[in-house]
Visitor: 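Take this structure first; my questions come after.
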Amino acid sequence: MTPEQLQDVVRTAVGAVVDRGALPVEVPDEVVIERPKNPEHGDYATNVALRLAKPAGRPPRQVAEVLAEELRAHEGIATVDVAGPGFLNITLAKGALGGLAVRAVTAGAAYGRTDAFAGQKLNLEFVSANPTGPVTLGSTRWAAVGDALGRLLEATGAQVSREYYVNDAGAQIERFGRSLQAVAHGRPVPEDGYQGDYVETVAQQVVAENPGLLELPDDEQLTVFADRGVAAMVAEIRSTLDGFGVHYDRFFSERTLHESGALEKAVGRLREQGHVFEADGAVWLRTTTFGDDKDRVLVKAGGEPTYFAADCAYYLDKRARGFERVVIMLGADHSGYVGRYKALVAATGDDPEHHLEILIGQLVNLVKDGEPVRMSKRKGNFVLLTDLVDAVGIDAARYALARASVDQQIDIDADLWSRKTNDNPVFYVQYAHARISSLLRNAADLGLPLGEAADVDVAALAHPRESDLLRAIGEFPRVLASAAELRAPHRVARYLEELAGTYHRFYDSCRVLPRGDEEATSLTTARLWLCAATATVLRNGLDVLGVTAPERM
RNA sequence: GCGCCCGUAGCUCAGCGGAUAGAGCACCGGACUUCUAAUCCGACGGUCGCAGGUUCGAAUCCUGCCGGGCGCGCCA
């Protein structure tokens, strides 16, 4: 029996009690089934009696007793105890848990997937680093977390489109072009230009691809350097992210918004809504109407549209493409944008709480030899995605970034994450998978295939370590659903660490394969299924995080 | 000054109003003729920053304060 099925059983029990007039309450839509930490509290526990006590006007324990009596009649339930303030501690009938192993193996890659968010169409925008330089460590956090969140939402049935907004318009692009041009001519970059070795590389590439470029008139040169330089950077960023296992559905060019007249249309739409005004020669959006700190300029006094105006057009474009929900992931250094974005959405007439979601991720440091690796964008020696991957590898990089809550600033210790020991959480989890893979290979060598699901004696799995593992496996669908709902991929990582630990403890106390001349029994087969089920969950969970599940280590 | 995030074991961090607050690491003590010991078991370790409030119940929600990070442009 899965936790979801038990939830239905409990709800039905409440309904039955209410129907016969034993409890004067409304039947709740949701009852909470949790997995108690303390094994003495049964396989599962529910606080439903505590919840219903007040509306029923009865003491919680009394309500609990009535419900316990009803639940005990269910064939899948062995015992129900009323404990503490009024918890119902439920122990399932022998074999009711074991079915989870068969269910997981049978479902395979689909195990854990639900339809919790079926029908939702989301646009996920993340990284969107400026195309004037390589992908930095800060952006890498979102590459890992954003992609994992995308996979997580897909696993819960949502339709997800991953998008990268390319800021290929505006003054910064011109500055970038000037920097490339200067370097190409062997001159120092301008005061406000871009520093770093990559500037030299890109400049040389542009020159190589455009013979005669350096002889063109100055302004024509600049255009080529800017255009081709940005194109080269976008290509490099894209390929870096592809190599990191992060693939986008679309790279959306800001410039196309300028060229198509989308900005004017967006400003027009906002004007129609009555939130645009003119002052000091500029065109403003009255975002303060919707809680922003100050009003924002859409078109500068000089006639140039602002970045914010492009944001408006971009948002409207996403909505016009049918996305019900626009999710944007930003670094903490952009947290000041939330207010104006929300206001912007409200100003278009949309609901900022429903149509827009902005996730803020705190900063990341790479630590080497106990010292944070210094980042200085001005000097051009900032830490890059590639530096992190060089230091710890792709799997560890993605896992380290995805296992922490985005609300938490993190230090990634290069030494720890590149270590091949159990200090390193990603190895701990991957090792569990490799260990099971090895065991299943040995089983096959011994002529012990898993066989048919119908033949598995699931009731044989009665050891406490087996029950622990089965309960953990049974949690997986709920872990994915709640992690998706909370936009918290790190919960999947933490769950996997717990599952790996539960497996290792099972392995330690429960021999799976027969030794010597022992005969394989029905328990052998049941345990093989349990191992295979664990491997399935580890694989599916790691896949959500974009981390490999190795068969050998 | 204002806004957002954080403050939980020596360290790094989990903990979407529930039971005795957890894990890994570090330190100490154990377990390999046995399916991968990259593992497991035990011990040690806490005023959940402080003070109020809401609640049957608060690390979790609310308010104030203290400490740290980030942000507050007609930059992007």
Side-chain angles (χ1 to χ4, degrees), chain A residues 32 34 36-38 40-41 45 47 50-51 53-54 59-60 83-87 89 130 132 167 169-173 175 192 254 279-284 292-294 296-308 310-311 331-339 358 360-363 367 403-413 416 419-425 427-428 430-432 434-443 445-446 482-483 485-486 488 490-491 493-495 497-498 500-501 503-516 527-528 531 552-553:
Chain A
V32 178
E34 56 177 20
K37 288 169 232 164
N38 187 335
E40 289 171 17
H41 294 157
N47 64 354
L50 289 158
R51 299 262 175 210
K54 188 167 248 181
F87 288 101
N89 292 336
N130 286 337
T132 52
N167 298 123
Q172 56 164 349
I173 298 304
R175 284 208 331 259
D192 61 350
E254 178 188 355
D280 306 326
V283 179
W284 299 68
D292 194 12
D293 299 335
K294 57 185 75 170
R296 306 292 171 178
V297 172
L298 290 167
V299 184
K300 302 180 203 173
E304 284 283 303
T306 60
Y307 181 86
F308 183 59
D311 281 340
D333 51 344
H334 286 72
S335 61
Y337 281 50
V338 177
I358 298 182
I360 299 294
Q362 300 301 314
L363 304 181
V367 174
R403 93 184 276 269
S405 157
V406 293
D407 290 336
Q408 195 82 35
Q409 284 182 49
I410 49 172
D411 293 332
I412 296 181
D413 185 334
L416 167 69
R419 218 175 286 164
K420 306 233 183 297
T421 70
N422 59 340
D423 308 7
N424 183 342
F427 272 86
Y428 184 78
Q430 289 183 315
Y431 175 67
R435 198 178 211 190
I436 297 171
S437 300
S438 167
L439 193 153
L440 295 176
R441 279 194 300 271
N442 293 344
D445 290 346
L446 290 172
S482 80
E485 187 185 350
L486 295 167
H490 75 278
R491 284 174 175 254
R494 302 296 176 149
Y495 163 80
E497 289 166 29
E498 190 186 317
Y503 180 78
H504 289 311
R505 282 185 284 280
F506 153 79
Y507 181 94
D508 196 61
S509 41
C510 297
R511 173 80 197 185
V512 178
L513 299 176
R515 22 181 152 198
R527 283 181 172 169
L528 282 172
C531 290
R552 297 168 203 275
M553 288 173 74

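Computation of the quantities below employed the complete heavy-atom set of this structure, encompassing side-chain atoms and omitting hydrogens, waters and symmetry-equivalent molecules. In what follows, chains are A, B, ... by sequence order, proteins preceding strands, each numbered from 1.
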Visitor: Is there side-chain contact between A:Ile360 and A:Asp407, with at least one heavy-atom pair below 4.5 Å?
Guide: no
Visitor: Sticking with atom P, work out how far B:C6 lies from B:C16, rounded to a whole angstrom.
Guide: 13 Å
Visitor: At 4.0 Å (heavy atoms only), tell me whether A:Cys510 reaches a base, stays on the sugar-phosphate, or touches nothing.
Guide: base
Visitor: A:Asn38 near the nucleic acid: base, sugar-phosphate alone, or nothing, with a heavy-atom cut-off under 4.0 Å?
Guide: base
Visitor: Under a 3.5 Å distance rule, please check whether A:Asn47 uses its side chain to pair with a backbone N or O of A:Leu50 as donor and acceptor.
Guide: no
Visitor: Going by side chain to side chain donor-acceptor pair (under 3.5 Å), name the residues that satisfy it together with A:Arg491, two or more places apart in sequence or in a different chain.
Guide: none
Visitor: Do A:Asp508 and B:A37 have a side chain to base donor-acceptor pair shorter than 3.5 Å?
Guide: no
Visitor: How long is the straight-line distance from CG of A:Leu513 back to CG of A:Leu439, given to the nearest 0.5 Å?
Guide: 4.5 Å
Visitor: Does a side-chain N or O from A:Tyr428 land closer than 4.0 Å to OP1 or OP2 of B:C40, or not?
Guide: yes
Visitor: Stacking between A:Phe87 and the base of B:A19 (centre distance under 5.5 Å, interplanar angle under 30°)?
Guide: yes
Visitor: Sugar-phosphate means primed atoms, P, OP1 and OP2; the rest is base. With that split, encode nucleotides 1-16 of chain B 5' to 3' as B, S or - using protein heavy atoms under 4.0 Å.
Guide: --B-SS------SSSB
Visitor: If only atom types and distance count, is the side chain of A:Glu497 paired as donor or acceptor with the main-chain N or O of A:Arg403 below 3.5 Å?
Guide: no
Visitor: Do A:Thr306 side-chain atoms and A:Leu298 backbone N/O form a donor-acceptor pair below 3.5 Å?
Guide: yes
Visitor: Reckon A:Arg515 touches a base, only the sugar-phosphate, or nothing at all at heavy-atom distances under 4.0 Å?
Guide: base
Visitor: So which nucleotide from B:C41, B:C56, B:C74 ends up closest to the side chain of A:Ala301?
Guide: B:C74
Visitor: Identify which nucleotide among B:C74, B:C35, B:C70 has an atom closest to any side-chain atom of A:Leu439, counting heavy atoms from C-beta outward.
Guide: B:C35
Visitor: Considering only B:C35, B:A37, B:A38, which nucleotide approaches the side chain of A:Arg435 most closely?
Guide: B:A37
Visitor: Would you say the rings of A:Tyr503 and A:Phe506 are close, in the sense that their centroids are separated by under 6.0 Å?
Guide: yes
Visitor: Under 4.0 Å, heavy atoms only, any strand: does A:Ala443 hit a base, just the sugar-phosphate, or nothing?
Guide: nothing
Visitor: Counting side-chain heavy atoms from C-beta on, which of B:U55, B:A38, B:G17 comes nearest to A:Met553?
Guide: B:A38
Visitor: Would you indicate, yes or no, if B:U36 has its OP1 or OP2 atom less than 4.0 angstrom from a side-chain nitrogen or oxygen of A:Asn442?
Guide: yes
Visitor: For A:Asn89, answer base if it contacts any base atom (sugar-phosphate contacts may also be present), sugar-phosphate if it contacts only those atoms, and nothing otherwise; contact means non-hydrogen atoms under 4.0 Å.
Guide: base
Visitor: Paired with B:C48: which nucleotide, if any, by Watson-Crick or G-U wobble criteria at under 3.5 Å for both distances?
Guide: none
Visitor: What nucleic acid atoms does A:Arg296 come within less than 4.0 Å of, heavy atoms only: base, sugar-phosphate, or nothing?
Guide: nothing
Visitor: Paired with B:G22: which nucleotide, if any, by Watson-Crick or G-U wobble criteria at under 3.5 Å for both distances?
Guide: B:C13
Visitor: Looking at the side chain of A:Arg511, which of B:A26, B:C74, B:C35 is the nearest nucleotide?
Guide: B:C35
Visitor: Are the side chains of A:His41 and A:Phe87 in touch, meaning some heavy atoms are under 4.5 Å apart?
Guide: no
Visitor: With a 3.5 angstrom cut-off on both distances, give the Watson-Crick or G-U wobble partner of B:C72, or none if there isn't one.
Guide: B:G1
Visitor: At 4.0 Å (heavy atoms only), tell me whether A:Asp413 reaches a base, stays on the sugar-phosphate, or touches nothing.
Guide: nothing
Visitor: Does B:G67 pair with anything, Watson-Crick or G-U wobble, both distances under 3.5 Å, and if so, with which nucleotide?
Guide: B:C6
Visitor: Suppose you measure atom P in B:A21 against the same atom in B:G49; what distance do you get, rounded to whole Å?
Guide: 15 Å
Visitor: Tell me which nucleotide among B:U20, B:A19, B:C25 gets nearest to the side chain of A:His41.
Guide: B:A19
Visitor: Taking any heavy-atom pair under 4.0 Å as a contact, classify A:Leu50: base, sugar-phosphate, or nothing.
Guide: base
Visitor: Decide yes or no for A:Met553 and A:Phe427: does some side-chain heavy atom of the first lie under 4.5 Å from some side-chain heavy atom of the second?
Guide: yes
Visitor: For B:G29, which nucleotide is its Watson-Crick or G-U wobble mate, given both distances must be under 3.5 Å?
Guide: B:C41
Visitor: Return the nucleotide paired to B:C61: Watson-Crick means purine N1 to pyrimidine N3 with N6-O4 or O6-N4, wobble means G-U with N1-O2 and O6-N3, both under 3.5 Å.
Guide: B:G53
Visitor: By nearest atom, which of the nucleotides B:C74, B:A19, B:C72 is closest to the A:Lys294 side chain?
Guide: B:C72
